Asker: 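Take this structure first; my questions come after.
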Amino acid sequence: MVVQLCTAGFFPYRNSYGGVSLVREGTEMSVWLEQKQQLIAALREAIDAARASGKLQVESVPEIGLEVPRDKQHGDFASNIALVMARSARKAPREVAEIIVEHLPQGGVIRAVEVAGPGFINFFLSNDWLYATLRAIEEQGEAYGNSSYGTGEKVLLEFVSANPVGPMNVVNARAAAVGDTLARLLRAVGHTVHTEFYVNDAGNQADVFARSLEARYQQLRDPSYPFPEDGYPGEYVIDLAKVLQEERPDLLDLPYEERIAFCKRWGTDQMVEMQRADLAAYGVEFDLWFRERDLHEAGALEAVIQFLKEKGLLFEEEGALWFRSTQFGDDKDRVIVKSDGSYTYVTADIAYHHNKLQRGFTKLINIWGPDHHGYIGRMKAAIQALGYGADTLEVLILQYVALLRDGQPVKMSKRAGEFITMQDLVDEVGKDAARFFFLHRSPESHLDFDLDLAVEQSSENPVFYVQYAHARISSVLRQAAEQGITVPTCREVDLSLLQHEAELDLLKQLAALPEELLQAALLREPHRITNYALELAGLFHSFYTHCHILGEEPSLRDARLVLVANIRTVLRKVLGLLGVDAPEQM
RNA sequence: GCGCCUGUAGCUCAGGGGAUAGAGCAUCGGACUUCUAAUCCGAGUGUCGCAGGUUCGAUUCCUGCCAGGCGCGCCA
């Protein structure tokens, strides 16, 4: 596996089919990957034979790539190896291709080979491997497509981590969808994944929130009581104050400082519970809600400062204590202890990441909003200062979300307390549409979220398109059951009856899932799965129009029943990864 | 000024060192006595932001520029 540096994180993936297996030894292989490996092996054999016979004179053989051509006229798989080797072989690409093809082992699954275009070698296979895919799905069920590629990697995935001082926004909703699905994907390819929400309940914002809550509480008795200038204006603080009054009518008996301390702890706890409930309704649950205040109470900040001090990475200037993060490539050094003796946000965050590392995670993935990208440098510096490689921390930066209504951006003003919260969004469009839309685009793209489209129950709405495919299959299977027809197993039917172009297209799409999953997980690109689901649904709808199932004579009917039952399994699986429901009827 | 993201069809966006660059929407035209027409089939649309470079080959990689978004605190 080759590791490449990207600015926003590390993407440890390359198309390394030649020589490097994508699945570890002794683990299950998908039909698809197995097929590719076989063809690559055949190509290597042919090239070696050609070299041995002197027809191909090259010093070394480059990595052999194999891809599915965009145009299926170009075969099931195609390799550009002849184009790559042409230079060192001092021959025209097509000539190299011809020589390789001459030496290819005969027979087997390869039905035909052709040299095409500038020198591609196109493989046309017999359909057996596609039918083998159906058997694999039948055996593995919704585990189909999973692999053990990531065995040994212990990932801590931190996402959302919204401040516990107000409702979550739409970027939080995007982060929740991306993070949750990424966690599911990483698990599917064999990583051990632990998810965390970091609760920033000890900083300035929590103090401001506590004073806002206290003021609202006071105002319940005395409307003229002054509200802090920098306070949080939202209605929710007033609602919270009312609850507080019910629970603690005696709060004013406490001295001011204790009252604020109580409001801070109680208030942030309330907000955390709200966030937890909102996220649960959205299908997102965390393994741990990590409290910043626990770090403070455990003395973790002092401990990590001591650690850095002993390494000689801290210095004093202008009354403050600084972390020499520039030593590890950061733009500037960072204040760790302010001149007033309090800590900065980064101090607690370093302590938190220290804590993560001490718990034995080998990979820390954080998903942040676009306003935090400037923070990557200092955190990577901190990770290195703590004695780990910069690659241990990987940061995914999500981009901004613009909500559109009637084609126009929805204006929001946080200052005026007017903005669409995550909960507003979910209430309006539903969990499924919200998640699907967020997972439809690549994480780093700026996203236009069309509210009108998301609620539309029509073909225009992609989430319904996929769900409808699942419902349609469910309906067929229901009717089959009503007619007393049970879905047979692969062994009981003649799969070779599946010859229609629409059927073969579907089988290829099913076969491609393991690799899609691996790519989506390793590239941290959940949207690949959304697109996969849309393609699979599209192929099914087309098949459904062109091919009948229950009306056909029994042998074909049974083969098609097996096909659609397995399509349904895969649709369930991918919708499950996306956190979207797979309805039996619509 | 520096950094990050984005720039592909009228719109929203996929894709990606190679074979005629894709989808959905929108537009136009077809398909329901037949397992859900929330569906399908067909038609048109492109200087892949601009300019260089690397390469047999660049829309893809590199550099510079232009445009839009977002950052650059002893805030979090």
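Just so you know, these numbers come straight off a predicted model, no measurement behind them. Naming convention: chains lettered A, B, ... in sequence-line order (proteins, then strands); numbering from 1 in each chain.
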Asker: Mapping A/Gln399 and A/Pro370 onto RNA chain B by nearest heavy atom, which one lands closer to the 5' end?
Answerer: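 Between the two, 5'-proximity favours A/Gln399.
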Asker: Which part of the nucleic acid does A/Val84 contact within heavy-atom distance under 4.0 Å: base, sugar-phosphate only, or nothing?
Answerer: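 Result for A/Val84 = base.
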Asker: With both distances under 3.5 angstrom, what nucleotide forms a Watson-Crick or G-U wobble pair with B/rA58?
Answerer: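 Paired with B/rA58, as far as the under-3.5 Å criterion goes, is no nucleotide at all.
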Asker: Please give, in whole Å, the distance from B/rG71 P to A/His372 NE2?
Answerer: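 Roughly 11 Å, once rounded to whole Å.
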Asker: For B/rA23, what is the paired nucleotide under Watson-Crick or G-U wobble rules, both distances under 3.5 Å?
Answerer: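 For B/rA23, the partner nucleotide comes out as B/rU12, under the 3.5 Å rule.
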Asker: A/Asn204 near the nucleic acid: base, sugar-phosphate alone, or nothing, with a heavy-atom cut-off under 4.0 Å?
Answerer: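 Sugar-phosphate, no base atom in range.
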Asker: When both hydrogen-bonding distances must be under 3.5 Å and the geometry is Watson-Crick or G-U wobble, what is B/rU63 paired with, if anything?
Answerer: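 Check on B/rU63: paired to B/rA51, both distances under 3.5 Å.
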Asker: Pairing donors with acceptors under 3.5 angstrom, does anything connect the side chains of A/Arg568 and A/His470?
Answerer: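 On atom types as modelled, these side chains do not qualify, holding no pair under 3.5 Å.
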Asker: Judged by modelled atom types alone, do A/Asp581 and A/Gln467 share a side-chain donor-acceptor pair under 3.5 Å?
Answerer: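 No, A/Gln467 and A/Asp581 have no side-chain donor paired with an acceptor closer than 3.5 Å.
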Asker: Side chain of A/Ile549, heavy atoms from C-beta onward: which of B/rA38, B/rC35, B/rC5 has the nearest atom to it?
Answerer: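 Selected nucleotide: B/rC35.
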Asker: Looking only at atom P, what distance separates B/rA19 and B/rG10, rounded to whole Å?
Answerer: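 Per the computed distance, 22 Å lies between those P atoms.
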Asker: For the P atoms, the ones on B/rG22 and on B/rG16, what distance do you get once it is rounded to whole angstrom?
Answerer: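 Here B/rG22 and B/rG16 have their P atoms 14 Å from each other.
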Asker: Does A/Asp330 reach a base, just sugar-phosphate, or nothing at all? Heavy atoms under 4.0 Å.
Answerer: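 Touches nothing.
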Asker: Rounding to an integer number of Å, can you tell me how far A/Leu506 CG sits from B/rC40 P?
Answerer: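 Taking CG of A/Leu506 and P of B/rC40, I get 12 Å after rounding.
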Asker: Between A/Asp71 and A/Trp322, name the one whose nearest nucleotide on RNA chain B is closer to the 5' end.
Answerer: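 The 5'-side residue here is A/Asp71.
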Asker: With the criterion being N/O to N/O and under 3.5 Å, what pairs connect the protein with nucleotides 28-31 of chain B, and how long is each?
Answerer:
none

Asker: Rounded to whole angstroms, how far apart are CD1 on A/Ile350 and P on B/rC74?
Answerer: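 One finds 14 Å between P of B/rC74 and CD1 of A/Ile350, rounded.
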Asker: For the pair A/Phe197 and A/Trp289, name the ring-plane relationship: parallel under 30°, tilted 30 to 60°, perpendicular over 60°.
Answerer: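 Plane angle under 30°, so parallel.
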Asker: Mind calculating the distance between CD1 (A/Ile376) and C1' (B/rC4) to the nearest angstrom?
Answerer: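 After rounding, the gap between these two atoms is 7 Å.
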Asker: So what does A/Ala320 touch, heavy atoms closer than 4.0 Å: a base, only the sugar-phosphate, or nothing?
Answerer: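 Base contact.
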Asker: Could you tell me whether A/Phe123 and A/Phe77 have their ring centroids closer than 6.0 angstrom?
Answerer: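 Judged by ring-centre distance (under 6.0 Å), A/Phe123 and A/Phe77 do not meet the cut-off.
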Asker: Across the strands shown, which category fits A/Ala480 at heavy-atom distances under 4.0 angstrom: base, sugar-phosphate, nothing?
Answerer: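 A/Ala480: no heavy atom of the nucleic acid under 4.0 Å.
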Asker: With a 4.0 Å cut-off on heavy atoms, is A/Gln585 in touch with a base, just the backbone sugar-phosphate, or nothing at all?
Answerer: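 Base contact - A/Gln585 has a heavy atom under 4.0 Å of at least one base atom.
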Asker: Under 3.5 Å for both donor-acceptor distances, Watson-Crick or wobble: does B/rG71 have a partner, and if so which one?
Answerer: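 When the pairing criteria are applied, B/rC2 turns out to be the nucleotide that pairs with B/rG71.
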Asker: On a whole-Å scale, what distance lies between the P atoms belonging to B/rC61 and B/rA23?
Answerer: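 Taking atom P in both B/rC61 and B/rA23, they lie 22 Å apart.
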Asker: Provide, to the nearest angstrom, the distance between the CD1 atom belonging to A/Ile485 and the C1' atom belonging to B/rC35.
Answerer: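 Whole-Å distance recorded here is 10 Å.
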Asker: Check the phosphate of B/rG73 against A/Lys332, side-chain N and O only, distance under 4.0 Å to OP1 or OP2. Yes or no?
Answerer: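 So the side-chain polar atoms of A/Lys332 do come within 4.0 Å of the phosphate oxygens OP1 or OP2 of B/rG73, strictly under.
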Asker: Within this structure, what is the CZ-to-C1' distance between A/Arg334 and B/rC75, rounded to whole angstrom?
Answerer: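 Going from A/Arg334 (CZ) to B/rC75 (C1'), I get 13 Å.
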Asker: Using a 3.5 Å distance criterion without hydrogens, assess whether the side chain of A/Ser88 forms a donor-acceptor pair with backbone atoms of A/Met85.
Answerer: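 Yes; at least one donor-acceptor contact below 3.5 Å.
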Asker: With a non-hydrogen cut-off below 4.0 angstrom, is A/Gln467 in contact with a base, only sugar-phosphate, or nothing?
Answerer: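 Contact class for A/Gln467: none.
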Asker: Has A/Phe120 got its ring stacked on the base of B/rG18, with centres under 5.5 Å and planes less than 30° apart?
Answerer: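 The ring of A/Phe120 is not stacked on B/rG18.
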Asker: Which part of the nucleic acid, if any, lies within contact of A/Ala78, taking any heavy atom under 4.0 Å across all strands shown: a base, the sugar-phosphate backbone alone, or nothing?
Answerer: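 The residue A/Ala78 makes base contact.
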Asker: Between A/Glu553 and A/Ser555, is there a side-chain donor-acceptor contact under 3.5 Å, judged purely by atom types and distance?
Answerer: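 Yes, side-chain donor-acceptor contact under 3.5 Å.
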Asker: Roughly how far apart, to the nearest Å, are B/rU59 and B/rG1 at atom C1'?
Answerer: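 My reading of the C1' atoms in B/rU59 and B/rG1 gives 31 Å.
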Asker: Please classify the nucleic acid contact of A/Thr344 as base, sugar-phosphate, or nothing, using heavy-atom distances under 4.0 Å.
Answerer: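 Since only primed, P, OP1 and OP2 atoms lie under 4.0 Å of A/Thr344, the category is sugar-phosphate.
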Asker: Please confirm whether any donor atom in the side chain of A/Ser339 sits under 3.5 Å from an acceptor in the base of B/rC74, or the reverse.
Answerer: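 By the distance-only test, yes, there is a pair.
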Asker: Can you check whether A/Ser542 has a side-chain N or O nearer than 4.0 Å to OP1 or OP2 of B/rC41?
Answerer: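 So the side-chain polar atoms of A/Ser542 do come within 4.0 Å of the phosphate oxygens OP1 or OP2 of B/rC41, strictly under.
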Asker: For the ring pair A/Phe449 and A/Phe438, is the centre-to-centre distance below 6.0 Å?
Answerer: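 Under 6.0 Å, so yes.
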Asker: Please work out which of the three classes, parallel, tilted or perpendicular, describes the rings of A/His546 and A/His500, given edges at 30° and 60°.
Answerer: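 Parallel: the ring planes of A/His500 and A/His546 meet at under 30°.
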Asker: Contact class for A/His74 (heavy atom, under 4.0 Å): base, sugar-phosphate, or nothing?
Answerer: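 Base, at least one base atom sits under 4.0 Å.
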Asker: Taking atom C1' in both B/rC13 and B/rA58, compute the distance separating them and give it to the nearest angstrom.
Answerer: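 Per the computed distance, 22 Å lies between those C1' atoms.
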Asker: When the C1' atoms of B/rG29 and B/rU47 are compared, how many Å lie between them, rounded to an integer?
Answerer: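 Taking atom C1' in both B/rU47 and B/rG29, they lie 31 Å apart.
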Asker: Can A/His353 and A/Asn366 be counted as having a side-chain donor-acceptor contact under 3.5 angstrom?
Answerer: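 Judged by distance alone, the side chains do pair up.
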Asker: In whole angstrom, give me the gap between the P atoms of B/rC5 and B/rA51.
Answerer: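 Here B/rC5 and B/rA51 have their P atoms 23 Å from each other.
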Asker: Identify which nucleotide among B/rA19, B/rA38, B/rC40 has an atom closest to any side-chain atom of A/Phe464, counting heavy atoms from C-beta outward.
Answerer: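 Among B/rA19, B/rA38, B/rC40, the one nearest the side chain of A/Phe464 is B/rA38.
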Asker: Without hydrogens or angle criteria, can the side chains of A/Tyr345 and A/Gln205 be said to hold a donor-acceptor pair below 3.5 Å?
Answerer: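 No, A/Gln205 and A/Tyr345 have no side-chain donor paired with an acceptor closer than 3.5 Å.
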Asker: Does any nucleotide pair with B/rU45 by Watson-Crick or G-U wobble geometry, both distances under 3.5 Å, and what is it?
Answerer: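 Base-paired to nothing in any strand shown.
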Asker: Name the pairing partner of B/rU34, where a pair is Watson-Crick or G-U wobble with both distances under 3.5 Å, or state none.
Answerer: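 Answer to the pairing question: none, since B/rU34 forms no Watson-Crick or G-U pair.
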Asker: Side chain of A/Asn80, base of B/rG18: donor and acceptor closer than 3.5 Å?
Answerer: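 By the distance-only test, yes, there is a pair.
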Asker: Just the atom pairs and distances: protein N or O near nucleotides 12-15 of chain B's N or O, under 3.5 Å.
Answerer:
residue : atom : partner  : partner atom : Å
B/rU12  : O3'  : A/Asp448 : OD2          : 3.4
B/rU12  : O2'  : A/Arg441 : NH2          : 3.4
B/rC13  : OP1  : A/His446 : O            : 3.3
B/rC13  : OP1  : A/Asp448 : N            : 2.8
B/rC13  : O2'  : A/Arg441 : NH1          : 2.1
B/rA14  : OP1  : A/Ser442 : N            : 2.8
B/rA14  : OP1  : A/Ser442 : OG           : 3.0
B/rA14  : OP1  : A/Ser445 : OG           : 3.2
B/rA14  : O2'  : A/Asn531 : ND2          : 3.3
B/rG15  : OP1  : A/His527 : NE2          : 2.9

Asker: If we take the P atom in both B/rA14 and B/rG49, what is their distance in whole Å?
Answerer: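 Rounded to whole Å, the distance is 14 Å.
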Asker: Describe, in one word, how the ring planes of A/Tyr236 and A/Phe209 are oriented to each other, choosing from parallel (under 30°), tilted (30 to 60°) and perpendicular (over 60°).
Answerer: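 Rings of A/Tyr236 and A/Phe209: parallel, under 30°.
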Asker: Nearest whole Å is fine: how far is B/rC4 C1' from A/Lys380 NZ?
Answerer: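 Atom-to-atom, A/Lys380 to B/rC4, this comes out as 14 Å.
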Asker: Sorted by first residue and then second, give each ring pair (Phe, Tyr, Trp, His ring centres under 6.0 Å) pair with at least one member in residues 516-540 of chain A; sequence neighbours left out.
Answerer: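 Sorted pair list: A/Phe540-A/Tyr544.
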Asker: Between A/His541 and A/Arg472, does any side-chain donor sit less than 3.5 Å from a side-chain acceptor?
Answerer: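 Their side chains do contain a donor-acceptor pair, which is all the 3.5 Å distance test asks for.
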Asker: A/Asp331 has an atom CG; how far is it from atom C1' of B/rG73, in whole Å?
Answerer: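 Taking atom C1' of B/rG73 as the reference, CG of A/Asp331 is at 14 Å.
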Asker: Within the pair A/Lys338 and B/rC75, is there a side-chain N or O less than 4.0 Å away from OP1 or OP2?
Answerer: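 A/Lys338 to B/rC75 OP1/OP2: side-chain N or O found under 4.0 Å.
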